[in-house]
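Inspection log for the structure reproduced underneath, given as structure tokens.
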Amino acid sequence: MQDLAQSVQKLLGDLDALLVAHFYQKDEIIALAQITGDSLELARRASASPQNLIVFCGVGFMGESVKILAPQKEVIMPKLACCSMARMIDSSYFDQSMQMLQRLGIHDVLPITYINSSAGVKAKVGAMGGLVCTSANASKIFDYAQKKGQKIFFLPDRCLGMNLARAHNLKSALLGLDSPEQILRADVICYNGFCAVHQLFKPSDVAFFREKYPDILVVVHPECDPSVVELADFVGSTSQIIQFVRSLPLEQKVAVGTEFNLVKRLRAQNTYVLSSTLPECPTMNETTLGDLFEVLKAYKNHRAYNRIEVDTEVAKWAKVALDRMLELS
Ligand code: 13P
Ligand code: SF4
């Protein structure tokens, strides 16, 4: 493992490549990454970096976002792992959703897509005057949307959409599940997508920890179900969770509701960090040190694979949606 890590470092140096990793990646990847962060930080910092070659360890939409924001860069990924939530909507499902809204007489919506979506979906949103958000800036994006006074169509994560609506005192409804009356009354209409990993946290887990340790703090990611989020003491993006937990005194017990690689690292610094289940994201865990070595070796030997490419027209509109987000962040 040590030899492989050294070989990866050598290849990164030879290629003047920037290794970027999301916090949910395995420890062996995080240990070598030059930049780690949440989705917003990674998109921003990797696209603004001086290096031309970006090696992105994360899920597909993350590498794709860097390529859209900085098309002149070469972005490669050791594994083209696709976040299962991002896979719940594509351009044609987006069009079908708009048609459903139109059949209900709703013609004026502001679409907001969570960054966990494909370039094709971002492009549809951008072309309609909408924008992207991440878990770190979603609240600001909602402030902006509220000022515009349009109904919001939020996709694909129903949990993030409903959690944001509640925090902004807005009414939400689920497209395809709630009645036409509820949809017509809603300020925020949510697409019915979700993160299978964050669905593992239940209100009963919060009740269990609170009963066992009455002074415990409960910290969760906003992809958790609203029934869990409303019981939590702190809700934030992966970076915000890390900052919050690190700011606590070491004796403070804290239960963290997010992916387990991140929780494990926090736990290494503070054994009072608890997690009810072993919520591992299968796609984030696909990337191994061996994959990283192979993709770099192939690139060096002019046999590059897993290069991120985005159709020019799709990239143009997806960039519009991403840029609108960055201007507001
Ligand atoms: P963050 O942007 O908070 O890192 O979240 C990304 C993600 O996929 C969480 O499941
Ligand atoms: Fe996607 Fe959920 Fe994994 Fe995040 S944790 S990358 S939302 S499947």
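Predicted, not measured: the structure shown is a model, and the values here were computed from it. All ligand and atom numbering here is 1-based and tracks the order in the structure.
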Can you tell me if, anywhere in C195, an N/O/S atom lies at a distance from atom 3 (Fe) of ligand 2 that is smaller than 2.8 Å?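 No, C195 does not qualify, because none of its backbone or side-chain N, O or S atoms lies under 2.8 Å.
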Starting from [atom], find the nearest protein heavy-atom neighbour and note its residue, name and distance.
atom: atom 9 (C) of ligand 1; value: E223 OE2, 3.1 Å
atom: atom 8 (S) of ligand 2; value: S84 OG, 3.6 Å
atom: atom 3 (Fe) of ligand 2; value: C281 SG, 2.4 Å
atom: atom 1 (Fe) of ligand 2; value: C83 SG, 2.4 Å
atom: atom 3 (O) of ligand 1; value: S135 OG, 2.7 Å

Side chains of [X] and [Y]: closer than 4.5 Å at any heavy-atom pair?
X: V320; Y: K122; answer: no
X: M98; Y: Y93; answer: no
X: L32; Y: Q9; answer: yes

Sub-4.0 Å heavy-atom contact, [X] with ligand 1:
X: E259; result: no
X: N116; result: yes
X: Y24; result: yes
X: M85; result: no

Short N-O contact, [X] and [Y], less than 4.0 angstrom:
X: K67; Y: E64; answer: no
X: K151; Y: D108; answer: no
X: K124; Y: D95; answer: yes

If we set the cut-off at 4.0 Å for heavy atoms, which region of T134 has an atom near ligand 1: side chain, backbone, both, or neither?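 Under 4.0 Å from ligand 1, T134 contributes no heavy atoms.
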Hey, which atoms in ligand 1 end up nearer than 4.0 Å to a heavy atom of [X]?
X: H221; answer: 1 (P), 3 (O), 5 (O), 9 (C)
X: S237; answer: 3 (O)
X: D38; answer: 1 (P), 2 (O), 4 (O)
X: H198; answer: 10 (O)
X: S39; answer: 1 (P), 2 (O), 4 (O), 5 (O), 6 (C)

Determine whether the side chain, the backbone, both or neither of N116 has a heavy atom under 4.0 Å from any heavy atom of ligand 2.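 Answer for N116: side chain.
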Part of E259 with heavy atoms under 4.0 Å of ligand 2, whether side chain, backbone, both or neither: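 Answer for E259: neither.
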To the closest 0.5 Å, what do you measure between NZ (K73) and CG (N52)?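 The NZ atom of K73 sits 6.0 Å away from the CG atom of N52.
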Suppose I only count heavy atoms of Y24 and a 4.0 Å limit; which atoms of ligand 2 are within that range?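 By the 4.0 Å cutoff, the relevant atoms are 4 (Fe), 5 (S).
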Under 30°, 30 to 60°, or over 60°: which ring-plane class applies to [X] and [Y], parallel, tilted or perpendicular?
X: H22; Y: Y24; result: perpendicular
X: H221; Y: H198; result: tilted
X: F142; Y: F154; result: perpendicular

Scan side-chain atoms only and decide if Q182 and S179 contain a donor-acceptor pair under the 3.5 Å cut-off.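 There is such a pair between these side chains.
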So does E211 have more than 12 non-hydrogen atoms from other groups sitting under 6.0 Å from CD?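 No - once you tally the heavy atoms of other residues, nucleotides and ligands closer than 6.0 Å, there are 12 at most.
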